[in-house]
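Everything on this sheet refers to the single structure shown next.
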Protein chains: 2
Amino acid sequence: MHKQEVTIYDVAREAKVSMATVSRVVNGNNNVRKETRDKVMEVIKRLHYQPNAVAQGLASKRTTTVGLVVPDLTNLYFAELSKGIDDIALLYKYNIIITSIENRLMKEEQAIQSLLNKQVDGVIYMSNRLSDKTLEAFERTNTPVVLAGTKDNHTDLPSVTIDYKKADTEALNLMFNDGKKNLAMVVGDPNAVVNSEYRIPAYKQFLKDHNISEEHIYTNIKDYSDGYNLYSQLVKDGVDGVIVTRDSSAVGILNSAIDAGRNVPEDLEIVTASATQIASVVRPALTTIKQPLYDMGAVAMRMLTKLMNNEEVDDTNIELPYELLKKQSTLNQ
Amino acid sequence: MHKQEVTIYDVAREAKVSMATVSRVVNGNNNVRKETRDKVMEVIKRLHYQPNAVAQGLASKRTTTVGLVVPDLTNLYFAELSKGIDDIALLYKYNIIITSIENRLMKEEQAIQSLLNKQVDGVIYMSNRLSDKTLEAFERTNTPVVLAGTKDNHTDLPSVTIDYKKADTEALNLMFNDGKKNLAMVVGDPNAVVNSEYRIPAYKQFLKDHNISEEHIYTNIKDYSDGYNLYSQLVKDGVDGVIVTRDSSAVGILNSAIDAGRNVPEDLEIVTASATQIASVVRPALTTIKQPLYDMGAVAMRMLTKLMNNEEVDDTNIELPYELLKKQSTLNQ
DNA sequence: AGAATAGGTGTAAACGTTTGCACTTTTTTG
DNA sequence: CAAAAAAGTGCAAACGTTTACACCTATTCT
């Protein structure tokens, strides 16, 4: 990389002002006389001057960049969260550095440290399992952090979520009212806070409240093929209704059932918990807990902008409304 | 943001060496005596020193950051390309700044300029329509740029693609051999280079070669509902085989057909051109031109690392092999 | 042994901005 | 109309690194 062609210094010389004045013009500081401003602007145009954001970052100690921590970009759940974040970030002129942390050479803490070293002004964390080291890193830094679609039960980092317990209970209730009594829950990482603290307890509570003794919790079902392969086990266990946290797993179960000649929802009801595109294009379309993913991202990013500007944030643990979207994978009687 | 707690200067003082030596240790320069290195390392650990990447970037003129330009994060096509890029980027210790440029407040040129101002070491462009202004920006900068999944017919920017003409011809041929003679092509942006220079010409050439006079090109079909709504038109036009560039549009057509009580592939054959997850989970599963999206991203990023290091790159316009994946949406006789 | 080379370290300038402070000029005020 | 306040501008230090250059010491070579 060469030395920068045109610097603020060149502009200053050419416009016969000091670099301080050029800097003020560039930053829209209004303590500049109109004629001066115009002259500087003209020179900037003429020389094609573009500020060096790295130098700005060093001098001002703000990089207008935020870091996103996400397990996997190709999971629509995170993609949609990210889109909400991205739109608001753009609105506030922030760029986004995305770090995927699943199946990686680099450990999560390292990835986050790298983000912090880049002096991001804030971080949005969307992964579902905050390791101790990660929490430690978040505590050591004074870079604001917001969790989106996840929570943390040790510290109280700001978060944007839905009421998982309520949503799951409602979903289970739907199937129960359809006459399904052998209900199961299928989750990815059982140690993810959302699962261990909200979803699984909600499921257990539901069984208890309805005097159901048979508990069917299937863990580590992470993708389409995990779901596909799980189906035979569901049959074996006599499950007639299942709530699945990941859409792709749910679709795997669905297709496995169909390929086995079974009927959904008659033989098996399925409710999934993200409402990404994939859940709505399959047939029968899946009944979903529709999380407002885009909005969750947007709200998280908005909150982060406030934190980055040291503005007051009244509520740092926001729960957004969800919707139980009844489609064809449940009877809905 | 406060002043940085621990700087290289603090480490130098504590370890009783110069900052130059600390810098050498941090950067793994081996012109440092072992004992000195160990001492410095110890102090670094003890003080929790972390280098400020912004300052490094300013001084070294390398930010170890690359910019990704993408229309839409929630489109699995781009998500999978991005994943390939991301994995290789991680391998070479680069971070990624993603900029989505569709439906935005900010124009593409501005978004790219913002990336360049951040002094990214390289850019991977995945959008499908290079505007003149964008090309101009790419020409003015000496930051290397690689196109992934798209081409440019004016300049010759490095690119990683598949042989679209050949792939489409093969797909059309498949349907033709199944006895479908009223073939259609459905694309998104008709002015996207890939469409205007490769796909559409391939389609026209195919018709010509087979003495088919009826041409059915549907443009601006960008998403699921566009596809869903297009179906009735396809029926009206007597189309019995269609090649669709976007998976979500293809799925829209498919579901529309099914909801109308028609049979795929008997009444209508569908081939789609990306092979994202969405094409394989619907039933009937869609026959696809399987583009090696992950690999395309990975190869593009690898090429970019070479360009960023001024290494020689023998072939700057790489075509990767694709596969015509026959599934249930074609008869395959 | 003396010369040549390699290894190890420090000094200080550079990277391209922002910003506190001081100063000058203009505008407002009573 | 003078004094006070506000507006406009420049100077120079700071931000936290890297790196060219110089220097000194230890090693290798003839």
Side-chain angles (χ1 to χ4, degrees), chain A residues 1-41 43-44 47-65 114 116-121 142, chain B residues 1-41 43-44 47-65 114 116-121 142:
Chain A
M1 195 182 182
H2 326 52
K3 195 160 165 167
Q4 188 159 321
E5 336 67 57
V6 186
T7 71
I8 204 171
Y9 194 76
D10 300 317
V11 175
R13 185 164 11 81
E14 190 76 10
K16 299 189 185 12
V17 296
S18 73
M19 26 191 312
T21 298
V22 178
S23 172
R24 289 186 190 103
V25 171
V26 169
N27 292 295
N29 181 319
N30 51 3
N31 266 10
V32 182
R33 200 155 47 102
K34 175 141 189 349
E35 297 109 80
T36 314
R37 174 183 306 278
D38 290 347
K39 187 173 56 178
V40 171
M41 292 283 245
V43 174
I44 286 177
L47 302 189
H48 280 117
Y49 167 74
Q50 290 289 343
N52 180 322
V54 173
Q56 290 180 316
L58 183 59
S60 69
K61 318 191 91 13
R62 316 188 81 243
T63 55
T64 58
T65 305
S114 160
L116 295 175
N117 290 353
K118 292 250 158 114
Q119 312 297 120
V120 294
D121 297 335
N142 34 40
Chain B
M1 196 184 183
H2 326 50
K3 197 160 165 167
Q4 188 159 322
E5 337 66 58
V6 185
T7 71
I8 204 172
Y9 193 76
D10 299 318
V11 175
R13 183 165 13 79
E14 190 78 9
K16 298 190 186 10
V17 296
S18 72
M19 26 189 314
T21 298
V22 178
S23 173
R24 288 187 190 102
V25 171
V26 169
N27 292 293
N29 180 321
N30 51 3
N31 266 11
V32 182
R33 200 155 49 103
K34 176 140 189 347
E35 297 109 80
T36 314
R37 175 183 306 278
D38 290 347
K39 187 174 57 181
V40 171
M41 292 283 246
V43 175
I44 286 177
L47 301 188
H48 280 117
Y49 167 73
Q50 288 290 342
N52 179 322
V54 173
Q56 290 180 316
L58 184 59
S60 69
K61 319 192 89 12
R62 317 188 81 243
T63 55
T64 57
T65 305
S114 160
L116 295 176
N117 290 352
K118 292 249 158 114
Q119 312 298 116
V120 294
D121 296 335
N142 34 42

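Order of the sequence lines sets the chain letters (A, B, ...), proteins ahead of strands, with each chain counted from 1.
The distance between atom CG of B:Leu58 and atom P of C:dA13, rounded to the nearest whole Å, is 17 Å. For B:Asn27 and D:dT19, the CG to C1' distance is 10 Å, given to the nearest whole Å. Rounded to an integer number of Å, the gap from NZ of A:Lys118 to P of D:dG16 is 18 Å. Rounded to a whole Å, the CG atom of B:Asn117 is 13 Å from the P atom of C:dG16. When the C1' atom of C:dT17 is taken as reference, atom CD1 of A:Ile8 falls 6 Å away, rounded to whole Å. The nearest whole Å value for the distance from the CG atom in A:Asn29 to the C1' atom in D:dA7 is 11 Å. Distance CZ (B:Arg62) to C1' (D:dT19): 15 Å, rounded to an integer number of Å. Taking atom CD of residue B:Gln56 and atom C1' of nucleotide D:dT17, one finds them 7 Å apart after rounding to whole Å.
Distances from the side chain of A:Ala59 to the nucleotides D:dT18, D:dG16, C:dT17 place C:dT17 closest. Distances from the side chain of B:Ser60 to the nucleotides D:dT19, C:dT17, C:dG16 place D:dT19 closest. Of all nucleotides listed (C:dG16, C:dT18, D:dT18), C:dT18 comes nearest to the side chain of A:Ser23.
Partners of B:Lys39 according to the side-chain hydrogen bond (donor to acceptor under 3.5 Å, both in side chains) rule, which considers only residues two or more places apart in sequence or in another chain, do not exist here. Residues that satisfy the side chain to side chain contact (heavy atoms under 4.5 Å, CB included) test with A:Asn27, not counting sequence neighbours, are A:Ser23, A:Gln56. Legend: residues meeting side-chain hydrogen bond (donor to acceptor under 3.5 Å, both in side chains) with A:Thr64, ordered by chain and number and at least two apart, are B:Lys118. Listed by chain and number, the residues in a side chain to side chain contact (heavy atoms under 4.5 Å, CB included) with A:Asn29 are A:Arg24, A:Asn31 (sequence neighbours excluded). Not a single side chain to side chain contact (heavy atoms under 4.5 Å, CB included) links A:Ala59 to another residue, sequence neighbours left out.
Taken from CZ in B:Arg33 to OG1 in B:Thr21, the straight-line distance is 10.0 Å, to the nearest 0.5 Å. Taking CG of B:Leu47 as the start and CZ of B:Arg13 as the end, the distance is 9.0 Å to the nearest 0.5 Å.
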Enumerate the protein-to-nucleotides 8-12 of chain C contacts in which both atoms are nitrogen or oxygen and the separation is below 3.5 Å.
residue : atom : partner : partner atom : Å
C:dT9   : OP1  : B:Arg33 : NE           : 3.0
C:dT9   : OP1  : B:Arg33 : NH2          : 3.2
C:dT9   : OP1  : B:Thr36 : OG1          : 2.4
C:dT9   : OP2  : B:Arg33 : N            : 2.7
C:dT9   : OP2  : B:Thr36 : OG1          : 3.1
C:dG10  : OP2  : B:Ser18 : N            : 2.8
C:dG10  : OP2  : B:Ser18 : OG           : 3.2
C:dG10  : OP2  : B:Thr21 : OG1          : 2.7
C:dG10  : O6   : B:Arg24 : NH2          : 2.5

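At least one side-chain nitrogen or oxygen of B:Lys61 sits closer than 4.0 Å to the OP1 or OP2 atom of C:dG16. In this model, the phosphate group of D:dA14 is not approached by any side-chain N or O of B:Tyr9 to a distance below 4.0 Å at OP1 or OP2.
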